[in-house]
Amino acid sequence: MWRPPRRLAVLCTSVLILAGCTSGEGPADGTSSGPPGETPGPGVIVQLRADQPAEWDPSGRGWAVSLTWSTSPGGAGDRYEVRRDGVPIARDLTEPAYRDHGVDPGVAYGYTVLGTDPSGVLTPARIGVRTGAPPVADARLEGSFLVELRVSESSGLSDTASPGHLLFRYAPRCRQGACAVRWSVRARAPDGLLARSAGRYGGRASGPFMIRSCNGRPLRDRLDVSTTVVGAGPIARRWRATQIAGVLSEEGHAAGCAPAHLRWRFAGVIQT
(Lines give C-alpha, C1' and ligand atoms only; values in the text may rest on other atoms or scores of the structure.)
Protein backbone atom coordinates (compact mmCIF):
# COMPACT_ATOMS: atom_id res chain seq x y z
CA MET A 1 0.00 0.00 0.00
CA TRP A 2 1.37 3.42 -0.91
CA ARG A 3 2.15 5.68 2.05
CA PRO A 4 2.79 9.44 1.84
CA PRO A 5 6.30 10.73 2.57
CA ARG A 6 6.96 11.62 6.21
CA ARG A 7 6.90 15.39 5.55
CA LEU A 8 3.44 15.17 4.00
CA ALA A 9 2.22 12.95 6.83
CA VAL A 10 3.34 15.54 9.39
CA LEU A 11 1.50 18.30 7.57
CA CYS A 12 -1.67 16.23 7.47
CA THR A 13 -1.44 15.63 11.20
CA SER A 14 -1.13 19.35 11.86
CA VAL A 15 -4.10 20.22 9.66
CA LEU A 16 -6.24 17.56 11.29
CA ILE A 17 -5.38 18.95 14.72
CA LEU A 18 -6.58 22.38 13.64
CA ALA A 19 -9.75 21.07 12.06
CA GLY A 20 -10.59 19.02 15.13
CA CYS A 21 -10.19 22.01 17.42
CA THR A 22 -12.15 24.56 15.44
CA SER A 23 -15.04 22.19 14.71
CA GLY A 24 -15.39 21.16 18.35
CA GLU A 25 -14.81 17.49 17.46
CA GLY A 26 -11.61 17.03 19.41
CA PRO A 27 -11.07 14.40 22.14
CA ALA A 28 -13.49 14.46 25.06
CA ASP A 29 -10.67 15.24 27.49
CA GLY A 30 -10.11 18.68 25.93
CA THR A 31 -6.81 17.84 24.25
CA SER A 32 -5.72 18.19 20.65
CA SER A 33 -3.90 15.30 19.04
CA GLY A 34 -3.47 13.54 15.73
CA PRO A 35 -5.87 11.05 14.19
CA PRO A 36 -6.51 7.88 16.23
CA GLY A 37 -4.28 4.98 15.37
CA GLU A 38 -1.51 7.14 13.88
CA THR A 39 1.81 7.90 15.52
CA PRO A 40 3.00 11.47 14.89
CA GLY A 41 6.42 11.85 13.39
CA PRO A 42 9.34 13.28 15.36
CA GLY A 43 9.44 16.99 15.94
CA VAL A 44 5.69 17.48 16.41
CA ILE A 45 3.98 19.17 19.37
CA VAL A 46 1.20 16.83 20.52
CA GLN A 47 -1.43 16.51 23.25
CA LEU A 48 -2.02 20.24 23.53
CA ARG A 49 -4.59 20.71 26.27
CA ALA A 50 -6.49 23.79 27.46
CA ASP A 51 -8.01 23.74 30.96
CA GLN A 52 -10.06 26.42 32.73
CA PRO A 53 -11.82 26.78 36.09
CA ALA A 54 -14.89 24.62 36.61
CA GLU A 55 -16.55 27.71 38.13
CA TRP A 56 -15.59 31.29 37.31
CA ASP A 57 -15.30 33.54 40.34
CA PRO A 58 -17.19 36.86 39.99
CA SER A 59 -14.35 38.59 41.87
CA GLY A 60 -11.94 37.88 39.01
CA ARG A 61 -9.75 35.52 41.02
CA GLY A 62 -8.51 32.56 39.01
CA TRP A 63 -9.55 33.84 35.57
CA ALA A 64 -7.07 31.92 33.42
CA VAL A 65 -6.61 29.21 30.82
CA SER A 66 -3.90 26.62 31.53
CA LEU A 67 -2.12 25.13 28.52
CA THR A 68 -0.05 21.96 28.66
CA TRP A 69 1.52 19.97 25.84
CA SER A 70 4.20 17.43 24.94
CA THR A 71 6.28 16.55 21.91
CA SER A 72 6.37 13.37 19.90
CA PRO A 73 9.22 10.88 20.54
CA GLY A 74 12.50 12.23 19.30
CA GLY A 75 11.37 15.85 19.48
CA ALA A 76 12.19 17.10 22.96
CA GLY A 77 11.45 20.82 22.96
CA ASP A 78 14.13 23.40 23.71
CA ARG A 79 12.09 26.64 23.60
CA TYR A 80 8.38 27.28 23.14
CA GLU A 81 6.22 30.20 22.08
CA VAL A 82 2.49 30.59 22.80
CA ARG A 83 0.20 32.71 20.66
CA ARG A 84 -3.37 33.72 21.45
CA ASP A 85 -5.47 34.57 18.39
CA GLY A 86 -2.25 34.88 16.40
CA VAL A 87 -0.53 37.29 18.80
CA PRO A 88 2.48 36.06 20.83
CA ILE A 89 1.80 36.17 24.56
CA ALA A 90 4.79 34.15 25.82
CA ARG A 91 8.21 33.44 24.36
CA ASP A 92 11.29 31.42 25.32
CA LEU A 93 9.37 29.02 27.55
CA THR A 94 11.50 26.11 28.69
CA GLU A 95 8.64 24.04 30.15
CA PRO A 96 5.73 22.57 28.16
CA ALA A 97 3.10 24.55 30.06
CA TYR A 98 1.73 28.09 30.25
CA ARG A 99 -1.01 29.76 32.30
CA ASP A 100 -2.73 32.62 30.47
CA HIS A 101 -4.12 35.15 32.97
CA GLY A 102 -5.14 37.63 30.27
CA VAL A 103 -8.50 36.04 29.43
CA ASP A 104 -12.04 37.18 30.12
CA PRO A 105 -15.10 35.05 30.75
CA GLY A 106 -17.45 34.09 27.93
CA VAL A 107 -14.92 34.63 25.11
CA ALA A 108 -13.61 32.27 22.40
CA TYR A 109 -9.82 32.10 22.03
CA GLY A 110 -7.52 30.25 19.64
CA TYR A 111 -4.10 29.13 20.88
CA THR A 112 -1.04 28.08 18.91
CA VAL A 113 2.06 26.55 20.47
CA LEU A 114 5.31 26.63 18.49
CA GLY A 115 8.71 25.34 19.50
CA THR A 116 12.22 24.39 18.52
CA ASP A 117 14.47 21.49 19.36
CA PRO A 118 18.14 20.88 18.56
CA SER A 119 17.20 19.60 15.09
CA GLY A 120 15.05 22.54 14.10
CA VAL A 121 11.52 23.90 14.30
CA LEU A 122 8.76 21.72 15.76
CA THR A 123 5.48 21.41 13.91
CA PRO A 124 3.00 23.61 15.87
CA ALA A 125 -0.24 22.56 17.51
CA ARG A 126 -3.45 24.55 17.78
CA ILE A 127 -6.50 24.44 20.00
CA GLY A 128 -9.62 26.53 20.51
CA VAL A 129 -11.43 27.18 23.77
CA ARG A 130 -14.46 29.18 24.89
CA THR A 131 -14.16 30.36 28.45
CA GLY A 132 -16.94 29.91 30.96
CA ALA A 133 -18.55 32.73 32.91
CA PRO A 134 -20.07 33.40 36.35
CA PRO A 135 -23.87 33.50 36.58
CA VAL A 136 -25.46 36.80 35.57
CA ALA A 137 -27.20 36.87 38.94
CA ASP A 138 -23.80 37.04 40.69
CA ALA A 139 -22.70 40.20 38.90
CA ARG A 140 -21.93 43.23 41.04
CA LEU A 141 -24.55 45.96 40.55
CA GLU A 142 -22.54 49.17 40.62
CA GLY A 143 -22.29 52.48 38.81
CA SER A 144 -24.58 54.64 36.70
CA PHE A 145 -27.10 53.21 34.24
CA LEU A 146 -28.83 55.18 31.51
CA VAL A 147 -32.46 54.04 31.75
CA GLU A 148 -35.57 54.68 29.73
CA LEU A 149 -38.87 54.78 31.62
CA ARG A 150 -42.31 54.00 30.24
CA VAL A 151 -45.63 54.42 32.05
CA SER A 152 -47.47 51.12 32.48
CA GLU A 153 -50.20 52.32 34.92
CA SER A 154 -51.43 55.69 36.21
CA SER A 155 -54.28 57.22 38.20
CA GLY A 156 -55.17 60.64 39.65
CA LEU A 157 -52.99 62.49 37.13
CA SER A 158 -53.74 64.95 34.38
CA ASP A 159 -50.41 64.41 32.61
CA THR A 160 -48.29 61.26 32.34
CA ALA A 161 -45.61 62.34 29.88
CA SER A 162 -42.50 60.15 29.84
CA PRO A 163 -39.34 61.75 31.26
CA GLY A 164 -37.23 60.09 28.55
CA HIS A 165 -33.87 58.96 29.93
CA LEU A 166 -32.52 59.24 33.46
CA LEU A 167 -29.36 58.10 35.20
CA PHE A 168 -29.96 55.56 37.96
CA ARG A 169 -27.07 55.07 40.35
CA TYR A 170 -26.35 51.93 42.35
CA ALA A 171 -23.82 52.06 45.18
CA PRO A 172 -23.01 48.64 46.72
CA ARG A 173 -22.91 48.38 50.50
CA CYS A 174 -19.95 45.97 50.41
CA ARG A 175 -16.39 46.28 49.14
CA GLN A 176 -16.63 43.52 46.55
CA GLY A 177 -19.11 41.07 45.08
CA ALA A 178 -22.88 41.32 44.82
CA CYS A 179 -24.78 42.76 47.79
CA ALA A 180 -27.42 45.30 48.82
CA VAL A 181 -27.16 48.68 47.07
CA ARG A 182 -28.20 52.27 47.63
CA TRP A 183 -30.29 53.50 44.71
CA SER A 184 -30.50 57.13 43.65
CA VAL A 185 -31.33 59.23 40.59
CA ARG A 186 -29.01 61.86 39.18
CA ALA A 187 -30.36 65.43 39.35
CA ARG A 188 -33.35 64.24 41.39
CA ALA A 189 -33.82 63.67 45.10
CA PRO A 190 -35.14 60.12 45.69
CA ASP A 191 -32.92 57.49 47.20
CA GLY A 192 -33.31 54.27 49.14
CA LEU A 193 -31.72 50.98 50.09
CA LEU A 194 -32.41 47.94 47.89
CA ALA A 195 -31.92 44.47 49.36
CA ARG A 196 -30.50 41.72 47.14
CA SER A 197 -31.98 38.32 46.42
CA ALA A 198 -29.93 36.54 43.74
CA GLY A 199 -29.98 38.90 40.74
CA ARG A 200 -32.98 40.91 41.98
CA TYR A 201 -32.86 44.06 44.10
CA GLY A 202 -35.87 45.58 45.79
CA GLY A 203 -36.81 48.12 48.41
CA ARG A 204 -38.51 51.39 49.23
CA ALA A 205 -37.26 54.90 48.51
CA SER A 206 -38.63 58.37 49.10
CA GLY A 207 -38.22 61.86 47.74
CA PRO A 208 -39.49 64.04 44.90
CA PHE A 209 -39.62 62.15 41.61
CA MET A 210 -42.22 62.61 38.85
CA ILE A 211 -45.55 63.26 40.52
CA ARG A 212 -46.41 66.89 41.30
CA SER A 213 -49.29 68.22 43.35
CA CYS A 214 -52.33 69.73 41.60
CA ASN A 215 -50.63 73.09 42.23
CA GLY A 216 -47.46 71.97 40.47
CA ARG A 217 -45.36 71.57 43.61
CA PRO A 218 -42.91 68.70 44.13
CA LEU A 219 -44.07 65.97 46.48
CA ARG A 220 -42.05 63.72 48.71
CA ASP A 221 -43.25 60.57 46.97
CA ARG A 222 -43.11 57.02 48.18
CA LEU A 223 -41.40 54.75 45.67
CA ASP A 224 -41.13 50.98 45.50
CA VAL A 225 -38.17 50.03 43.33
CA SER A 226 -37.39 46.62 41.84
CA THR A 227 -34.28 46.10 39.70
CA THR A 228 -33.17 42.89 37.97
CA VAL A 229 -29.72 42.32 36.47
CA VAL A 230 -30.33 40.97 32.95
CA GLY A 231 -26.83 41.28 31.48
CA ALA A 232 -23.28 41.06 32.80
CA GLY A 233 -19.70 41.17 31.60
CA PRO A 234 -16.10 41.74 32.66
CA ILE A 235 -15.24 45.31 33.59
CA ALA A 236 -11.78 46.05 35.00
CA ARG A 237 -11.31 42.31 35.66
CA ARG A 238 -14.51 42.08 37.72
CA TRP A 239 -17.88 40.52 36.85
CA ARG A 240 -20.25 43.51 36.68
CA ALA A 241 -23.88 44.14 35.77
CA THR A 242 -24.10 45.76 32.33
CA GLN A 243 -27.87 45.70 31.68
CA ILE A 244 -30.82 46.09 34.03
CA ALA A 245 -34.60 46.10 33.88
CA GLY A 246 -37.23 46.75 36.48
CA VAL A 247 -40.37 48.33 37.83
CA LEU A 248 -40.83 51.53 39.83
CA SER A 249 -44.13 52.35 41.55
CA GLU A 250 -44.72 55.93 42.73
CA GLU A 251 -47.40 57.23 45.11
CA GLY A 252 -48.03 60.94 45.74
CA HIS A 253 -50.45 62.72 48.11
CA ALA A 254 -51.08 66.41 48.67
CA ALA A 255 -53.76 68.31 50.60
CA GLY A 256 -56.60 69.33 48.34
CA CYS A 257 -55.41 67.07 45.52
CA ALA A 258 -56.48 63.59 44.46
CA PRO A 259 -54.06 60.78 45.38
CA ALA A 260 -51.83 60.01 42.42
CA HIS A 261 -50.20 56.77 41.32
CA LEU A 262 -47.65 55.98 38.63
CA ARG A 263 -46.12 52.65 37.69
CA TRP A 264 -43.04 52.72 35.50
CA ARG A 265 -41.18 50.01 33.64
CA PHE A 266 -37.56 50.70 32.86
CA ALA A 267 -34.54 49.21 31.15
CA GLY A 268 -30.99 50.51 31.13
CA VAL A 269 -27.35 49.97 30.22
CA ILE A 270 -24.24 50.78 32.21
CA GLN A 271 -22.45 54.08 31.61
CA THR A 272 -19.69 54.07 34.24
Residues R222, S206; criterion side chain to side chain donor-acceptor pair (under 3.5 Å); working and verdict:
CA-CA 5 Å; R222 187 188 73 188; S206 63; over 6 Å; no
Should [X] and [Y] count as an ion pair when the cut-off is N to O under 4.0 Å?
{"X": "R238", "Y": "D57", "answer": "no"}
{"X": "R237", "Y": "D104", "answer": "yes"}
{"X": "R150", "Y": "E148", "answer": "yes"}

Considering residues at least two apart in sequence or located in another chain, which fulfil the ring pair (Phe, Tyr, Trp, His ring centres under 6.0 Å) criterion with W69?
Y80
Starting from the C-alpha separation in whole Å, work towards a yes-or-no answer on side chain to side chain donor-acceptor pair (under 3.5 Å) for S249 and R263.
CA-CA 4 Å; S249 295; R263 182 178 175 88; 3.3 Å; yes
Residues, nucleotides or ligands: over 12 heavy atoms within 6.0 Å of Q271 CD
yes
Please find the pair of heavy atoms, one from [X] and one from [Y], that lie closest to each other, and give the distance.
{"X": "L122", "Y": "T71", "result": "CD1-CG2, 3.8 Å"}
{"X": "P190", "Y": "P208", "result": "CD-O, 2.9 Å"}
{"X": "A241", "Y": "A139", "result": "N-CB, 3.5 Å"}

Between the side chains of S184 and R169, is a donor N or O closer than 3.5 angstrom to an acceptor N or O?
no
Hydrogens and angles aside, do R49 and T68 bring a side-chain donor and acceptor to less than 3.5 Å of each other?
no
Would you call E250 and H261 a side-chain contact if the rule is heavy atoms closer than 4.5 Å?
no
For residues I270 and L167: do they belong to one hydrophobic cluster (side chain heavy atoms under 4.5 Å, members Ile, Leu, Val, Met, Phe, Trp, Tyr)?
no
CZ of R91 to CZ of R83: how many Å apart, nearest 0.5 Å?
7.5 Å
Establish, yes or no, whether the cationic atom of R84 lies under 6.0 Å from the six-membered ring centre of Y111 and within 45° of the ring axis.
no
Mutual orientation of the aromatic rings belonging to W56 and W63 [parallel < 30°, tilted 30-60°, perpendicular > 60°]
tilted
Matching residue for F145 among F266, F168, Y170, W183 - test: ring-ring contact (aromatic ring centres under 6.0 Å, His included):
Y170
Please determine whether side-chain contact (heavy atoms from CB on, under 4.5 Å) holds for the pair T227 and L194, giving the CA-CA distance in whole Å, both sets of side-chain angles, and the decisive distance to 0.1 Å.
CA-CA 9 Å; T227 298; L194 308 184; 4.3 Å; yes
